[in-house]
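Below is one structure, written out as structure tokens; comments come after it.
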Amino acid sequence: MALLQIAEPGQSPQPHQQRLAVGIDLGTTNSLVATVRSGIAEALPDVDGRIALSSAVRYHADRIEVGHLAREAAASDPYNCILSVKRLMGRGLADVQQLGEQLPYRFQAGKSHMPFIETVQGPKSPVEVSAHILQALRERGEAALGGELTGVVITVPAYFDDAQRQATKDAARLAGLNVLRLLNEPTAAAVAYGLDQQAEGVVVIYDLGGGTFDVSILRLSRGVFEVLSTGGDSALGGDDFDHAIARWMIEQAGASSDLSPSEQRSVLQQACAAKELLTSQDAVAMHYQDWQGQLSRDTFEQLIEPLVARSLRACRRALRDSEVELSEIESVVMVGGSTRVPLVRTRVGELFECTPLTDIDPDQVVAIGAAIQADTLVGNKRAGDELLLLDVTPLSLGLETMGDLVEKIIPRNTTIPVTRAQEFTTARDGQTAMVVHVLQGERELVSDCRSLARFELRGIPPMVAGAAKIRVTFQVDADGLLSVTARELASGVEASIQVKPSYGLTDTEISGMLKASFENAANDKQARALQEQRVDAERLLETVRAALKADAEALLTEQERAVIEERMSALDAVRHSNDVNAIARHVQQLNHATNEFAARRLDATVKSALAGRQLNEMEG
Amino acid sequence: MGQSQHTDYFALFALQPTFAVDTAALAVTYRQLAKDVHPDRFANATAAEQRQAVERAAELNDAFQTLKSPTQRALYLLRQQAEMPEETTIQDGEFLLQQMEWREQLEDLQEQADLQALERFVGELKQARSKIDNAFALCIEDPEQRLQAERLARRMQFLDKMFYEVRQLEERLDD
């Protein structure tokens, strides 16, 4: 609706009513929820005062437990306690089995190739497990704010691919959340840091979490956070440090590496504790079965050196892509619990030739940034310069062409949203169908990139080879999610898909899960849907009315105005009925009728923004 | 959304269609315009409006990228004047020898894995690039020199390809 209200950007249509919005940091190890209250962004604690919610889910026969108790039970009940589920999001069974030796779960393949984990409550997908964590945070947020949430911003690693982003969005849908935006974690951190420190210039965010690593280079300029480049590794984090220590322990103890799931868990718990102690101590005593020994910080650093080096390679690449000089960098901000490891701080400082900033809370900064963005997105006006985040695609997107090669359509680090089209032709005489294979990654061979989806364009009129012109259009939206359209230009035959990746849940699976979760609350659900639809209708009418008043005279013909007004009265007539579908239909029709009007208003605003700027410049 | 195809990128940024563009000022205008059309401004809007905002913002991003990159800007100017012929139909014997020489150098550098030599090579390419840019700025203003302008734009594209390959090589050496 905001499009029709652009005369007052950033202002809430109902200025007296604060809309409830939260930011969620859905982490590998811990998750947080934060919000902006009275202009101050803060993380929300649970009833016991804990801010971090352990990203752990335990399935009991009759209930589901989320949080630290679930984590603590991991060694005694390894099959039903799901930890670090973020590492499984958007991954196929084969990918997961590569991490396999280290994960004490029983997997089975779902219809969608997504790995389901067998639990006492039956098979659970990583998406469902994540949804439980989100649900817990949602309840915490609603309890603290005293009402239903209008929308949320959920953070994801900048280096997450399309499948991992889609899986996160699906989890939010299962948890009943309205996702305003998926926000990249380093960008969220930059917002929190930049606004707090009033920083300007080029800033590097080095974000090493429990299971993922991101680096982003941003230019901060008067409320605009422009990501210049991003890089990372969506399977590199503090968990890997734990695994490195665990492997060392087992080797030292001369034990077989074939551990039972609960032995695995207890070794990993000890490894994690040792890692944390080594941030302030020089050595830690360890034991496993009959073996007793010491892990020195030196040895620990040798163990993790190759992992840290991997993160530095990604940093150098991001630096090259950003095209900024080392000397232009104002500051390097450390984010994520794993940046507490001294070796990480030293190496990052050496690379960027400055002392990394560690004075902001590395655990909370992402959630805080997400909360600020959520608050802006729901339209709660903030003081000072308006906030705008310009992000990029982390990975190149392309199509399979002849010879198993990938033709890049959108290179990595392109600012989103982006639309790009490429024309292809047929290879054989009379060819009537074409397979479009969409890939993500930097390598040149199809087998080295990640397959996102395949779809078929059928009904191309038979022509000689090379005569048909097929335009394939890629669009990446502001969440970093891709959709692809293919059209044969002569005949207009069109095929379009929202890329539902090879490793995502199928729509049937999602609706099945939704149904299950709403079974008991079916009536509630219906009542809520009706209520939501009525509110929608009301808001739409209100905004159209205001827009007509402001701009109809200048931008619409009499006839155009009459069409819009007719649809308005039609909607007005049904909006108090109990027919959800009828209201939705009329909302859609009114929306449709105002499309062109909205576009003209947008043009007018752009023109006036430009005019305003030129005026200012002349004065200056 | 139909009209978006006819948007003049220079006009969008209130600029004259010339090759010389102040990219710092361009970036400032871009941020200004982005504040109005970015989908974040329409997070509460209806689906149709959000789609439109995505289209607009994508177009703005494309316009910015096109005008920011000297090569893309050059090609855009040429296409605005008249359709560009296929790449293969342009004869440029003079540049061909230079192309081959650079290719050979790059191949040698791949074997040597010498980062300093690579840096010197990049310096050489950058120098060649700025000469081409300067020549193009003059040619594009003169309709008589259209053919030479096209040739220069193709040289820019070739150099971009070389820079890309250098980048790939740097990455391989870094791994």
Side-chain angles (χ1 to χ4, degrees), chain A residues 1-6 9-10 13 19 150-151 180-181 219 221-224 226 313 316-317 320-321 373 376-379 386-390 414-420 442 475-478 536 539-540 543 587-588 590-592 594-595 598-599 602-603 605-606 609-614, chain B residues 1-5 7 11-15 23-25 27-66 68-69 122 160 163-164 166-175:
Chain A
M1 253 133 281
L3 186 59
L4 288 160
Q5 299 183 308
I6 45 190
R19 299 204 190 158
T150 309
L180 299 165
R181 189 68 73 234
R219 189 182 297 280
S221 165
R222 290 205 248 157
V224 181
E226 187 181 0
R313 266 205 300 276
R316 286 194 293 270
R317 195 167 87 163
R320 279 193 294 264
D321 283 356
Q373 166 78 334
T376 311
L377 290 181
V378 291
E386 269 178 81
L387 179 69
L388 181 67
L389 315 186
L390 301 168
T414 302
T415 307
I416 52 175
V418 58
T419 307
R420 287 280 157 84
E442 305 313 315
Q475 184 170 77
V476 181
D477 67 15
D536 250 20
R539 279 173 54 197
L540 180 64
T543 50
V587 163
Q588 208 188 352
L590 179 56
N591 262 325
H592 189 74
T594 53
N595 253 344
L602 198 53
D603 278 338
T605 311
V606 169
L610 216 48
R613 197 182 76 83
Q614 285 164 330
Chain B
M1 265 156 267
Q3 72 235 56
S4 65
Q5 277 164 10
T7 305
L12 184 61
F13 283 86
L15 291 171
T23 48
V28 172
T29 314
Y30 165 68
R31 287 187 212 117
Q32 191 105 16
L33 292 173
K35 279 189 172 178
D36 290 318
V37 299
H38 194 275
D40 279 0
R41 288 282 171 267
F42 308 102
N44 289 307
T46 56
E49 289 168 333
Q50 288 185 350
R51 255 200 317 279
Q52 216 155 35
V54 171
E55 297 279 341
R56 284 311 167 86
E59 182 188 78
L60 176 68
N61 284 334
D62 213 30
F64 179 51
Q65 292 308 324
T66 304
K68 198 172 71 169
S69 145
V122 170
D160 280 359
F163 283 121
Y164 176 75
V166 167
R167 175 76 56 86
Q168 300 274 88
L169 176 58
E170 279 175 344
E171 265 167 38
R172 273 201 300 279
L173 295 179
D174 199 9
D175 282 343

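Here the structure is a predicted model, which means the values were calculated and not measured. Order of the sequence lines fixes the chain letters, A, B, ..., with proteins taken first and strands second; residue numbering starts at 1 for each chain. Just so you know, these numbers use all the heavy atoms, side chains as well, and skip hydrogens, waters and symmetry mates.
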Intermediate values then yes/no, side-chain contact (heavy atoms from CB on, under 4.5 Å), Arg167(B) and Asp321(A) = CA-CA 9 Å; Arg167(B) 175 76 56 86; Asp321(A) 283 356; 2.9 Å; yes
Interatomic distance, CD@Gln52(B) vs CG@Asn591(A), rounded to 0.5 Å, equals 10.0 Å
Asp62(B) meets the salt bridge (charged side-chain N to carboxylate O under 4.0 Å, His left out) criterion, sequence neighbours left out, with Arg420(A)
Paired with Asp40(B), the side chain to side chain contact (heavy atoms under 4.5 Å, CB included) test is passed by just one of Leu377(A), Leu387(A), Leu390(A), namely Leu377(A)
So CD of Glu442(A) and CD of Glu171(B): to nearest 0.5 Å the spacing works out to 8.0 Å
Here the gap from Lys35(B) atom NZ to Arg222(A) atom CZ, rounded to the nearest 0.5 Å, amounts to 7.5 Å
Note: Arg56(B) and Asp603(A) closest approach over all heavy atoms is NH1-OD1, 2.8 Å
Assess the residue pair Glu55(B) and Gln475(A) against the criterion (side-chain contact (heavy atoms from CB on, under 4.5 Å)); give the C-alpha distance rounded to whole Å, side-chain angles, the decisive distance to 0.1 Å, and a yes or no. CA-CA 9 Å; Glu55(B) 297 279 341; Gln475(A) 184 170 77; 3.5 Å; yes
Partner of Asn61(B) under side chain to side chain contact (heavy atoms under 4.5 Å, CB included), picked from Thr414(A), Val418(A), Thr415(A), Ile416(A), is Thr415(A)
Checked Thr419(A), Val476(A), Leu388(A), Val587(A) vs chain B; the most non-hydrogen pairs under 4.5 Å come from Leu388(A)
The interface call for Gln373(A) against chain B, heavy-atom contacts under 4.5 Å, is side chain
Under 4.5 Å to a heavy atom of chain B? For Arg320(A) that would be both
So CZ of Arg219(A) and CZ of Arg31(B): to nearest 0.5 Å the spacing works out to 6.5 Å
Rounded to the nearest 0.5 angstrom, the CD-CG distance for Gln50(B) and Asp477(A) is 9.5 Å
